[in-house]
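Structure first, commentary second.
Every chain is numbered from 1 and lettered A, B, ... according to where its sequence line falls, protein lines coming before strand lines.
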Amino acid sequence: MAPIVAITNLKDHVGEEVTLQGWVYHKTGKGKLVFLQMRDGTGICQAVVFKGNVSEAEFEAATALTQESSLIVTGLVKAEARAPGIPGGYEVDVRTVQVRQIADAYPISPKEHGIEFLMQNRHLWLRSSRQWATMRVRAVIMQAIREWLDGNGFLNVDTPIITPAAAEGTSTLFEIDYHGEPAYLAQTGQLYNEADIFAFGKVYCFGPTFRAEKSKTRRHLQEFWMVEPEIAFCDLEQLMEIEEQFVSHIVQRCLRDCAAELKVLERDLTHLQKVAPPFPRLHYDDAVNMINAAAQKGELVPGYPDPVPPIEWGDDFGSPHETYLAAQFEKPVLVHHYPTQVKAFYMEPEADRPEVCRSVDLLAPEGYGEIIGGSERMSDPEKLIASIQAHQLPQEIYQWYVDLRRYGSVVHSGFGLGLERTVMWVCGLDHVRETIAFPRTLTNMRP
RNA sequence: UCCUUGGUAGCUCAAUUGGCAGAGCAUUCGGCUGUUAACCGAAGGGUUGUUGGUUCGAGUCCAACCCGAGGAGCCA
């Protein structure tokens, strides 16, 4: 039998006879011709079955194929400009057809479908080309994340998923039974990361995190993946430099390796191509002024019919504020020095202005908004204890965390990048639920 | 949790003032040697989300409930 070739590699086999194994993505007939669009997981190519080139039984079998039927064909690879597919431009002139299974009537057609139907059929929807492209970009982003961190002296030290207490509020935790004791699914690995840097210098954890928030928006999942780097001897300014290098690497790697996928997604690449250091920095004070100036002028939130609402200094940004800010820049923007009051207890206040803290969020352009949250951490044990008390958190639980500041404390910083939001931005999608194979949303965990 | 909005064939949708339940795609059968979500002809396919109410008569009006979608708050 001719060698088995992946559709993505067909261009290297023009003029050769090859074997393809896959599924019928689409079929049209024309009397003595059957045009199959065949899918093998690496791409889609047209396979042409001409009655004169195969046995009568094989032609009948080809005629009987339904969408998603599984089959193995052999045939001659031709360059053919008319041939559709991913990447397209090549087709297989079929010589033999082996049908593995004739698929039952497949519910997902090439026509339009509603999101409810598609989510109920997520196990099948993953086969569709846009979903295929998105999941492949996700995998490349994960590779790029590890590649950059591993190549820049970070050690991957993973943090526990089962934890006894929350880093942030307790209302958004999934509780589980740890042999009779209540335990929670982790919302972040950050506190453990801070322990790890004192052993390894620069570390990161990368895995799923869980938030039982009652959020029903295009930007939220109950279970999502986050990569959290943490760095010893690193202040806020150095952290921002790391973030812009890191994010630029991820985007450039996708542009290099995901051209076919981004084309399927019809992604406009002009903004992505500009993602390179340095990123603009925006102080919270200036962000507030920008928002209020826009509110005064009655500007609309990009993509929405509503005007930009005004904001009072000291409040956290609402969703419309963030969308507005993120749309004002061509590159990702680093918004720093948020009010201490709206941020977590462990963030370092600015020395000569304690009402703001040394925190930074990275907002993706084109209105995509926050994909990174990070800060310089409090490094003085007494200040940290005071902050824990001020936030009315149980001191015993954070004893070990305070301990880190007693044995060689240093200035240190870290951040968390949300994988699904990053995939959403790179792919140009309008909802995070398409960025993970089986999303867990507020109201749905099936399939 | 709140606001807005929707649920009719496998899917996407239509059905005038309350008056016989409709189309395209998909499926099955027939035709066609270059189709690109092909085209032409034929057939099958319905407890109109659920329960109750008003009415001679309800997909349509009323009430409650169920399940989605968009947005807010909160966040990555």
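At the phosphate of B/G34, OP1 or OP2 sits under 4.0 Å from a side-chain N or O atom of A/Lys30. In this structure, A/Arg433 reaches the B/G70 phosphate: one of its side-chain N or O atoms is under 4.0 Å from OP1 or OP2. The phosphate of B/A26 (OP1 or OP2) has no side-chain N or O of A/Tyr106 nearer than 4.0 angstrom. Between A/Lys32 and B/U33 there is a side-chain polar atom (N or O) within less than 4.0 angstrom of OP1 or OP2. Regarding contacts with the backbone of B/A72, a side-chain N or O of A/Ser319 is found under 4.0 angstrom from either OP1 or OP2.
Considering only the side chain of A/Glu370, B/A76 comes nearest among B/G70, B/U35, B/A76. In the set B/G34, B/A72, B/C74, the nucleotide with an atom closest to the side chain of A/Glu213 is B/C74. When the nucleotides B/G34, B/G10, B/A69 are ranked by their closest atom to the side chain of A/Ile115, B/A69 comes out on top. Considering only side-chain atoms of A/Glu80, the nucleotide from B/G34, B/C75, B/U12 that sits closest is B/G34. Relative to the side chain of A/Pro84, the nucleotides B/U35, B/G24, B/C75 differ in distance, and B/U35 lies closest. In the set B/A37, B/G10, B/C75, B/C75 carries the atom at the smallest distance from any side-chain atom of A/Arg421.
Contacts of A/Glu91 with the nucleic acid, taken as non-hydrogen atoms under 4.0 Å apart, include base atoms. As judged by a 4.0 angstrom heavy-atom cut-off over every strand, A/Asn444 is placed among residues making no nucleic acid contact. Within the 4.0 angstrom heavy-atom criterion, no nucleotide atom of any strand lies near A/Lys27. A/Thr443 comes within contact range of the sugar-phosphate backbone alone, with a heavy-atom separation under 4.0 Å but no base atom that close. Within the nucleic acid shown, A/Glu322 comes within 4.0 Å of at least one base atom, counting heavy atoms only. Looking at heavy-atom distances under 4.0 Å, A/Leu33 makes contact with a base. Within 4.0 Å (heavy atoms only), A/Gly369 reaches no atom of the nucleic acid at all. Using a 4.0 Å heavy-atom cutoff across all strands shown, A/Ile372 reaches sugar-phosphate atoms only and no base atom. Heavy atoms of A/Thr66 sit under 4.0 angstrom from primed sugar atoms or phosphate atoms, though from no base atom. A/His113 comes within contact range of the sugar-phosphate backbone alone, with a heavy-atom separation under 4.0 Å but no base atom that close. As judged by a 4.0 angstrom heavy-atom cut-off over every strand, A/Gly114 is placed among residues touching the sugar-phosphate backbone only. When heavy atoms are screened at a 4.0 angstrom cut-off, A/Gln46 is found touching base atoms of the nucleic acid.
A distance of about 15 Å separates the P atoms of B/G46 and B/U8, rounded to the whole Å. As rounded to the nearest Å, B/C56 and B/G22 have C1' atoms that lie 26 Å from one another. With P as the reference atom, B/C66 and B/G59 are 24 Å apart, rounded to whole Å. The separation of B/U50 from B/C32, taken at their C1' atoms, amounts to 49 Å, rounded to a whole angstrom. Between B/G49 and B/G7, the two P atoms lie 8 Å apart (nearest whole Å). The separation of B/G19 from B/G57, taken at their P atoms, amounts to 14 Å, rounded to a whole angstrom. Spacing between B/G53 and B/G45 at atom P, rounded to whole Å, works out to 32 Å. The gap from the C1' atom of B/U28 to that of B/G52 amounts to 41 Å, rounded to the nearest Å.
Contact of A/Lys216 with B/G71 (side chain to base): no donor-acceptor pair of N or O atoms is detected under 3.5 Å. Residue-to-nucleotide contacts include no donor-acceptor pair under 3.5 Å from the side chain of A/Ser215 to the base of B/C75.
A salt bridge links A/Glu420 to A/Arg138: one of the charged nitrogens lies within less than 4.0 Å of a carboxylate oxygen.
Relative to the ring axis of A/Tyr338, A/Lys343 places its NZ or CZ within 45° and under 6.0 Å from the centre.
A/Phe246 is listed as a side-chain neighbour of A/Val227, based on a closest heavy-atom distance under 4.5 Å. No side-chain heavy atom of A/Val48 sits under 4.5 Å from any side-chain heavy atom of A/Val92.
B/A76 has its base stacked against the ring of A/Phe224, the centroids being under 5.5 angstrom apart at an interplanar angle below 30°.
In this structure, a donor-acceptor pair under 3.5 Å is present between the side chains of A/Arg100 and A/Gln98.
Rounded to whole angstrom, the span from the CZ atom of A/Phe117 across to the P atom of B/A69 amounts to 15 Å.
Ring geometry for A/Phe154 against A/Trp148 counts as tilted: the plane angle lies between 30° and 60°, on a 0 to 90° scale.
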